Amino acid sequence: MRQINFVVIFVICLALVLFGIENTEPAVIHVVEGLDLQAPLSIELLLAMGIGAVLAWVFSVWNQIQNLLESGRELRQRDVRIQELEQDIQRYKVELEEQQRLLPASQPSPQDVEVTEVFAK
């Protein structure tokens with residue numbers, strides 16, 4: 001993947017250099033009324049691309065921050081749900097023990113032992 005990125009960046013830079021060599025005549029940019037910038041067309045193109053790259057980077061960082069905050073929220077919700085389920089398991093264990101005490105005094109069958117082991121895990 002790094003080789004592909006390098007090739008893409010190299011081709012773009014080569015195209016910019018060739019464009020800059022061919023377009024050295026000054027051009028005027030009308031920013032707002034009364035404010036005009038005059039510079040070679042290649043310099044203006046580089047500035048525009050640089051500003052676009054910075055804006056793309058800022059958007060990427062903002063997107064990563066939003067994803068991080070959302071994943072943190074999801075983790076907190078999962079932790080709460082895990083605690084609720086653990087409490088349910090404890091309550092079910094207590095209920096099972098109470099029900100076993102209420103059963104007539106007899107030897108537990110192998111099937112009852114397996115059920116108890118399943119709930120204990």
Side-chain angles (χ1 to χ4, degrees):
M1 191 65 180
R2 287 186 179 186
Q3 290 92 4
I4 294 171
N5 287 342
F6 176 76
V7 169
V8 169
I9 291 171
F10 179 76
V11 168
I12 290 172
C13 289
L14 182 64
L16 285 174
V17 167
L18 293 174
F19 182 83
I21 291 172
E22 294 295 323
N23 295 291
T24 57
E25 61 274 350
V28 178
I29 297 177
H30 303 286
V31 180
V32 291
E33 191 164 331
L35 180 60
D36 298 335
L37 297 175
Q38 184 173 0
L41 187 59
S42 59
I43 299 298
E44 291 174 359
L45 175 68
L46 287 173
L47 285 174
M49 288 186 67
I51 291 170
V54 168
L55 289 175
W57 176 76
V58 167
F59 178 73
S60 172
V61 169
W62 177 252
N63 194 15
Q64 288 176 355
I65 290 172
Q66 285 180 332
N67 288 340
L68 182 65
L69 292 175
E70 188 172 319
S71 66
R73 220 176 288 128
E74 289 176 4
L75 285 176
R76 284 191 296 276
Q77 290 174 349
R78 286 181 188 165
D79 288 342
V80 168
R81 181 68 179 145
I82 288 171
Q83 289 175 354
E84 290 172 354
L85 292 173
E86 287 175 348
Q87 290 172 355
D88 288 345
I89 289 173
Q90 291 300 324
R91 191 175 68 242
Y92 293 143
K93 283 182 182 179
V94 169
E95 288 178 11
L96 182 63
E97 289 172 4
E98 288 176 8
Q99 289 177 358
Q100 285 179 348
R101 272 190 272 134
L102 295 175
L103 290 175
S106 65
Q107 291 291 342
S109 67
Q111 183 181 9
D112 292 338
V113 173
E114 289 177 8
V115 169
T116 305
E117 290 175 358
V118 168
F119 279 105
K121 290 181 184 178

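Predicted model only: the values in this text are computed from it and were never measured.
Residues in residues 21-31 take part in these side chain to side chain donor-acceptor pair (under 3.5 Å) pairs, two or more places apart or across chains: H30-D36. The list of side chain to side chain donor-acceptor pair (under 3.5 Å) pairs with a residue in residues 46-68, not counting sequence neighbours, is empty.
Linking ILVMFWY residues whenever their side-chain heavy atoms come closer than 4.5 Å, directly or via other members, leaves V17 and V8 in distinct clusters. Placement of I65 and V54 within a single hydrophobic cluster is found when ILVMFWY residues are connected by side-chain heavy-atom separations under 4.5 Å, directly or transitively. Put simply, L35 and I29 are part of the same group of oily side chains (I, L, V, M, F, W, Y) that touch within less than 4.5 Å, one to the next. A continuous path of hydrophobic side-chain contacts links V61 to L69 [ILVMFWY only; heavy atoms under 4.5 Å].
Nearest heavy-atom pair across Q38 and P26 is NE2-CB, 3.6 Å. Closest approach of I12 and M49 over heavy atoms only: CG2-CE, 4.1 Å.
A salt bridge is defined here as a Lys NZ or Arg NE, NH1 or NH2 lying under 4.0 Å from an Asp or Glu carboxylate O, and D88 with R91 meets this definition. For the pair R81 and E84, the salt-bridge criterion is met [side-chain N within less than 4.0 Å of a carboxylate O].
One distance of note links CD of Q100 with CG of L102; it measures 10.0 Å at 0.5 Å rounding. Distance CG/N5 to CE/M1: 5.0 Å, rounded to 0.5 Å. Rounded to the nearest 0.5 Å, atoms CG (L14) and CG (L18) are 4.5 Å apart. To the nearest 0.5 Å, the span separating CG on L37 from CG on L47 amounts to 9.0 Å. Note: K93 NZ to E97 CD = 8.5 Å, rounded to the nearest 0.5 Å. Distance check, rounded to the nearest 0.5 Å: CD1 of I89 to CG of L96 gives 13.0 Å.
Two residues are said to be in side-chain contact when any heavy atoms from C-beta on lie closer than 4.5 Å; Q87 and Q90 fail this criterion.
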